[in-house]
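Each remark here refers to the structure printed beneath this line.
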Amino acid sequence: MQRIDDIAAKVRRAERIDDTEAELLWRRAPLWLLGELAIAAKRRVSGDKVYYNRNFHIEPTNRCVFNCRFCSYRRPAGSPEAWDYTMDQIEEIVRGKQGRGITEVHIVGGVHPEHGLEYYTDMIRRVKALLPEAAIKAFTAIELSYMIRKAGLSVEAGLRQLKQAGMDAIPGGGAEIFDDQVRRRICPDKGSTAEWFEVHETAHRLGIPTNATILYGHVEELRHRIDHLRRLREQQDATGGFNAFIPLKYRNFGNPMSEIGEVSVIEDLRMLAMSRIYLDNIPHIKAYWVMYGKATTELALAFGADDIDGTIDDTTKIYSMAGADDRRPTMSVDEIHRIVRAAGCRAVERDTFYNEL
Ligand code: V47
């Protein structure tokens with residue numbers, strides 16, 4: 001059997017590791033070694049830089065046609081906690097963010113049963129009109145697949161319309177776990193893995209950059225995580241359009257899977273480091289601070305992450321409703337610089353396309 005030292009030497013030489021090697025490293029390597037290898041891999045891509053942006057989220061609705069068991073956010077129509085913003089309310093949110101140097105608006109929500117594609121293209125146009133200098137990163141592949149199919153269009157035709165309206169990039173959500181059996185257990189009626197990949201593959205061909213995520217730390221096994229990473233690495237070899245990979249830790253408050261505990265911070269760090277080591281072709285690994293909390297995010301920077309997302313400005317509820325520490329997530333640019341400096345790195349503001357600002 002291969003020794004950990006041989007695999008580590010391979011990673012240090014920037015050679016690709018296979019799934020068996022990944023499994024061995026993941027199970028057996030001490031945390032300090034994973035940190036060392038991940039940092040070396042991170043430094044090859046981004047040196048001592050850690051990227052952030054000035055962004056905010058719009059979550060137009062928490063009504064959803066799907067019933068994901070890990071979701072703490074969805075509410076049925078008629079619930080006092082359900083919301084469904086009008087265009088006027090969305091424009092009001094955006095007006096409140098003008099003049100603050102925002103470079104990205106991240107729009108995701110539930111998969112609404114009634115809205116048509118024109119509703120979404122109209123939303124994008126209105127946001128763009130009020131914040132023309134910001135890029136719009138909008139809708140998970142699952143939302144996109146649903147709205148485009150409902151309009152009777154091919155994925156390509158639908159994405160072209162959205163791009164034309166001003167959609168500049170696609171976020172990484174909806175990936176969850178690609179393995180069909182695990183997917184059936186945690187989100188049985190959700191759009192499929194094949195749909196997720198069809199949207200991302202088509203977006204890449206149309207020149208729309210995208211991100212990718214994994215939702216880990218619930219019922220999946222290590223082999224499912226590695227399978228997930230392998231599918232992403234293969235897609236990236238083929239189409240090259242993923243900018244960032246974002247491991248999302250399952251948070252267990254207020255959802256139908258709450259009896260499952262949350263994994264440890266040590267496991268978060270192993271997940272991050274292995275993502276950096278295995279995904280040798282996806283440039284950035286994001287430690288989404290809203291989901292980890294600020295203290296773990298600082299640690300994440302010592303385990304291969306080179307991006308911490310952005311200022312957020314208390315505009316997302318997905319994680320506060322799922323039990324994240326920060327009930328009103330906001331980070332000032334000063335605070336971002338402090339966290340990044342504490343980890344011995346240099347904070348660099350970027351736009352959605354990773355141009356340095
Ligand atoms: O797909 C939902 C996850 C995702 C829970 O692309 C949960 O830059 C943990 O994808 N515990 C949406 N996770 C968020 C997302 C994202 C976030 C930040 C940046 C980017 C990007 C993308 O949130 C969903 C799902 O995997 N999620 N519920 C939960 N209880």
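One-based numbering, in listed order, for ligands and for the atoms of each. Throughout, residue positions are numbered sequentially from 1 according to the sequence presented.
At a cut-off of 3.5 Å, with distance as the only test, no side-chain donor of E198 or T202 sits close to an acceptor on the other residue. Under 3.5 Å, the side chains of Y278 and D19 contain a donor-acceptor pair of N or O atoms. Judged by distance alone, the side chains of H112 and T61 never bring a donor and an acceptor atom under 3.5 Å apart. For the 3.5 Å distance criterion, the side chains of R233 and N281 fail to qualify, holding no donor opposite an acceptor. Between the side chains of T316 and E59, at least one donor-acceptor pair of N or O atoms lies under 3.5 Å.
Counting protein heavy atoms only, atom 11 (N) of ligand 1 is closest to R251 N, 2.9 Å. Y319 OH, 3.6 Å is the protein heavy atom nearest to atom 27 (N) of ligand 1. Protein heavy atom at the shortest distance from atom 19 (C) of ligand 1 is H106 CE1, 3.7 Å. In terms of protein heavy atoms, atom 4 (C) of ligand 1 is closest to L248 CD1, 3.7 Å. For atom 1 (O) of ligand 1, the nearest protein heavy atom (residue, atom name, distance) is G174 N, 2.7 Å. Looking only at heavy atoms of the protein, atom 9 (C) of ligand 1 is closest to K249 O, 3.1 Å. With respect to atom 6 (O) of ligand 1, the closest heavy atom belonging to the protein is G172 N, 2.8 Å. Among all protein heavy atoms, the one lying closest to atom 17 (C) of ligand 1 is Y288 CE2, 3.7 Å.
Those atoms of ligand 1 that come under 4.0 Å of a heavy atom in T213, given as number and element, are 10 (O). Taking a cut-off of under 4.0 Å to the non-hydrogen atoms of L215, the atoms of ligand 1 that pass are 7 (C), 9 (C), 13 (N), 26 (O). Of all the atoms in ligand 1, the ones that sit under 4.0 Å from a non-hydrogen atom of G173 are 1 (O), 10 (O). Within the listing of ligand 1, atoms 8 (O), 21 (C) sit less than 4.0 angstrom from a heavy atom of K286. Proximity to N211 (heavy-atom distance under 4.0 Å) selects the following atoms of ligand 1: 6 (O), 8 (O), 21 (C).
The side chain of I246, and not its backbone, has at least one atom closer than 4.0 Å to an atom of ligand 1 (non-hydrogen atoms only; side chain from C-beta on). Here M291 has no heavy atoms under 4.0 Å from ligand 1, in either its backbone or its side chain. At a 4.0 Å heavy-atom cut-off, ligand 1 touches P171 through backbone and side chain alike. Of all the heavy atoms of N255, the ones lying under 4.0 Å from any atom of ligand 1 belong exclusively to the side chain. Heavy atoms from both the backbone and the side chain of F70 come within less than 4.0 Å of ligand 1.
Because its NZ or CZ atom is not both nearer than 6.0 Å to the ring centre of W196 and within 45° of the ring axis, K190 does not count as a cation-pi partner of that residue.
The heavy atom nearest to atom 24 (C) of ligand 1, considering only E176, K137, M257, is found in E176.
Interatomic distance, CZ of R44 versus CD1 of I39, reported as 11.5 Å (0.5 Å rounding). D179 contributes atom CG, which lies 6.5 Å from atom CZ of R231 (distance to the nearest 0.5 angstrom).
Contact of the N53 side chain with the K137 side chain is not registered, since no non-hydrogen atoms from C-beta on lie closer than 4.5 Å. Taking the side chain as every heavy atom from C-beta outward, E91 and L130 approach each other to under 4.5 Å.
Of all the heavy atoms in T121 and Q161, the pair that sits closest is CG2-O, 4.0 Å.
Screening residues 292-309 for side chain to side chain donor-acceptor pair (under 3.5 Å), with sequence neighbours left out, gives S46-D306, N55-D309, H284-D306, K286-D309, K294-E335, D307-R350, D307-Y354.
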